[in-house]
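Have a look at the structure below, then the notes.
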Amino acid sequence: MSERRAVYTHGHHESVLRSHRQRTANNSAAYLLPHLQPGLSLLDIGCGPGTITVDLAARIAPGVVTAVEQADDALALARAEAERQGVSNISFVTSDVHSLDFPDDTFDIVHAHQVLQHVADPVQALREMKRVCAPGGVVAARDADYAGFIWYPQLPALDRWLDLYQRAHRTNGGEPDAGRRLLSWALQAGFDDVTPTGSLWCFATEQDRQWWGGMWADRIVQSDLSRQLVDSGLATETDLQDVAAAWRDWTAAADGWLAVPHGEILCRVT
């Protein structure tokens with residue numbers, strides 16, 4: 001196992017899981033879907049609460065998805081989601097993406113969503129993803145790019161939120177602006193057949209604002225991120241309450257709009 005570790009900035013508070021459980025294969029892995037077919041084997045790294053995982057499993061059945069997390073408690077979330085949806089073609093394994101516990105050339109597809117931004121060495125992670133992917137297979141990764149977030153109204157406290165988040169993320173050993181770096185990381189990892197793309201999440205309807213803004217208003221004062229910011233001296237609890245209030249103001253704005261850009265890579269293994 002690699003000794004290089006990054007601390008997962010978000011943690012697994014309910015407000016974080018509320019966000020992650022909205023993710024599906026359609027809204028978070030559309031760039032990969034044309035490459036899926038029944039009978040393939042797929043490794044889903046950093047599967048989180050498993051909502052994308054179970055969608056992928058349905059698309060490749062009777063093929064099998066192997067869902068990976070670094071710790072048992074995180075993996076239990078995905079296992080519970082699979083049981084809830086009655087999906088049986090998923091196996092669950094704890095492993096470190098820097099040193100995956102699988103033989104060479106094991107999987108047809110290796111997938112990671114919002115993972116490389118959180119690891120200590122994304123190039124090494126991609127090397128490992130390439131190693132366990134069979135010739136002719138595909139390594140796929142998608143990550144957000146926080147510096148590219150766009151929102152309106154332009155509330156100063158949300159600028160403060162972004163600055164605090166980026167500082168915490170980098171202090172923890174990750175890279176919050178990973179989306180723009182995926183192609184560079186893939187080339188450094190030795191891929192020579194890479195298709196880079198990008199896509200957006202957009203939150204502008206009243207329902208979307210209630211979900212996204214309400215989630216972040218809770219997350220900034222209740223999740224692991226809140227504790228890290230206060231304990232490190234980057235922010236006070238009053239600072240974070242001000243940020244939470246700004247998220248609620250954004251949520252209430254009839255013209256509120258926010259976009260989250262993502263980088264994507266599809267790497268063919270030769």
Side-chain angles (χ1 to χ4, degrees), residues 8-33 48-52 55 77 81 113-114 117-118 142-170 174-180 182 197-230 234-264:
Y8 182 49
T9 301
H10 298 298
H12 296 96
H13 184 267
E14 181 277 331
S15 59
V16 176
L17 297 178
R18 194 189 317 163
S19 169
H20 294 179
R21 285 178 172 139
Q22 292 292 317
R23 298 172 182 174
T24 65
N26 284 330
N27 67 30
S28 299
Y31 73 109
L32 174 61
L33 298 186
T51 50
I52 299 174
D55 276 359
L77 298 170
E81 180 67 17
H113 184 261
Q114 311 288 28
Q117 63 185 278
H118 294 294
R142 182 176 190 258
D143 273 272
D145 194 298
Y146 276 75
F149 276 39
I150 309 167
W151 60 80
Y152 185 85
Q154 292 175 299
L155 304 172
L158 295 188
D159 293 329
R160 174 65 168 153
W161 161 78
L162 181 57
D163 177 64
L164 288 171
Y165 178 80
Q166 290 183 304
R167 289 189 184 194
H169 198 145
R170 291 193 171 106
E175 176 47 69
D177 304 336
R180 69 189 66 188
L182 291 182
T197 54
S199 60
L200 288 171
W201 286 337
C202 184
F203 307 112
T205 67
E206 181 177 0
Q207 181 178 1
D208 284 345
R209 287 195 308 275
Q210 290 286 341
W211 171 70
W212 179 266
M215 176 269 296
W216 266 110
D218 292 343
R219 196 161 160 178
I220 197 63
V221 295
Q222 297 178 14
S223 71
D224 284 7
L225 173 61
S226 171
R227 175 185 53 76
Q228 293 166 28
L229 289 169
V230 173
L234 289 172
T236 67
E237 292 184 3
T238 299
D239 293 333
L240 300 185
Q241 289 292 344
D242 290 343
V243 171
W247 276 118
R248 289 190 289 270
D249 289 343
W250 177 83
T251 297
D255 56 354
W257 185 95
L258 186 144
V260 180
H262 290 78
E264 302 160 345

Which atom names give the shortest non-hydrogen contact between [X] and [Y], and what distance separates them?
X: V221; Y: A244; value: CG1-CB, 4.0 Å
X: L200; Y: P261; value: CD2-CA, 3.4 Å
X: L234; Y: A168; value: CD1-N, 4.3 Å
X: W161; Y: W151; value: CZ3-CZ3, 4.1 Å
X: F203; Y: W212; value: CE1-CE3, 3.4 Å
X: I220; Y: L229; value: CD1-CD1, 4.1 Å

[atom2] on [Y] to [atom1] on [X], rounded to 0.5 Å:
X: R160; Y: L240; atom1: CZ; atom2: CG; value: 8.5 Å
X: D218; Y: S226; atom1: CG; atom2: OG; value: 11.0 Å
X: H113; Y: E264; atom1: NE2; atom2: CD; value: 8.0 Å
X: R142; Y: T197; atom1: CZ; atom2: OG1; value: 9.0 Å
X: T24; Y: I52; atom1: OG1; atom2: CD1; value: 7.0 Å

Polar side-chain atom of H169 near backbone of Q117 as donor-acceptor pair, under 3.5 Å
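Yes, H169 side chain to Q117 backbone: donor-acceptor pair under 3.5 Å.
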
Taking T51 for the side chain and R23 for the main chain, is one N or O donor matched with an acceptor at less than 3.5 Å?
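Side chain of T51 to backbone of R23: a pair is present.
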
Of all residues at least two apart in sequence or in a different chain, which pass the side-chain contact (heavy atoms from CB on, under 4.5 Å) check with A157?
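A157 satisfies side-chain contact (heavy atoms from CB on, under 4.5 Å) with A246 only.
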
Going by side-chain contact (heavy atoms from CB on, under 4.5 Å), name the residues that satisfy it together with A252, two or more places apart in sequence or in a different chain.
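Scan of A252 (side-chain contact (heavy atoms from CB on, under 4.5 Å), adjacent residues dropped) gives none.
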
Regarding R209 and D255, does a basic nitrogen lie under 4.0 Å from an acidic carboxylate oxygen?
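The answer is no: the pair does not qualify as a salt bridge.
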
Show me the pairs that pass side-chain hydrogen bond (donor to acceptor under 3.5 Å, both in side chains) and involve residues 239-248, at least two apart or across chains.
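Qualifying pairs: T236-D239.
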
For H262 and W201, take the angle between the two ring planes, folded into 0 to 90°, and tell me which bin it lands in: parallel under 30, tilted 30 to 60, perpendicular over 60.
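Perpendicular.
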
Applying side chain to side chain contact (heavy atoms under 4.5 Å, CB included) to L164 and L225, what does each step give before you reach the verdict?
CA-CA 9 Å; L164 288 171; L225 173 61; over 6 Å; no

Atom CZ of residue position R180 - does it have more than 12 heavy atoms of other residues, nucleotides or ligands inside 6.0 Å?
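Yes, the 6.0 Å shell around CZ holds more than 12 heavy atoms from other groups.
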
Hey, does [Y] have a side-chain heavy atom less than 4.5 Å from the side chain of [X]?
X: Q166; Y: P176; answer: yes
X: F149; Y: Y165; answer: no
X: L182; Y: D143; answer: yes
X: W216; Y: T251; answer: no

D177 and R170: CA distance, side-chain angles, deciding distance, side chain to side chain contact (heavy atoms under 4.5 Å, CB included) verdict:
CA-CA 10 Å; D177 304 336; R170 291 193 171 106; 3.0 Å; yes

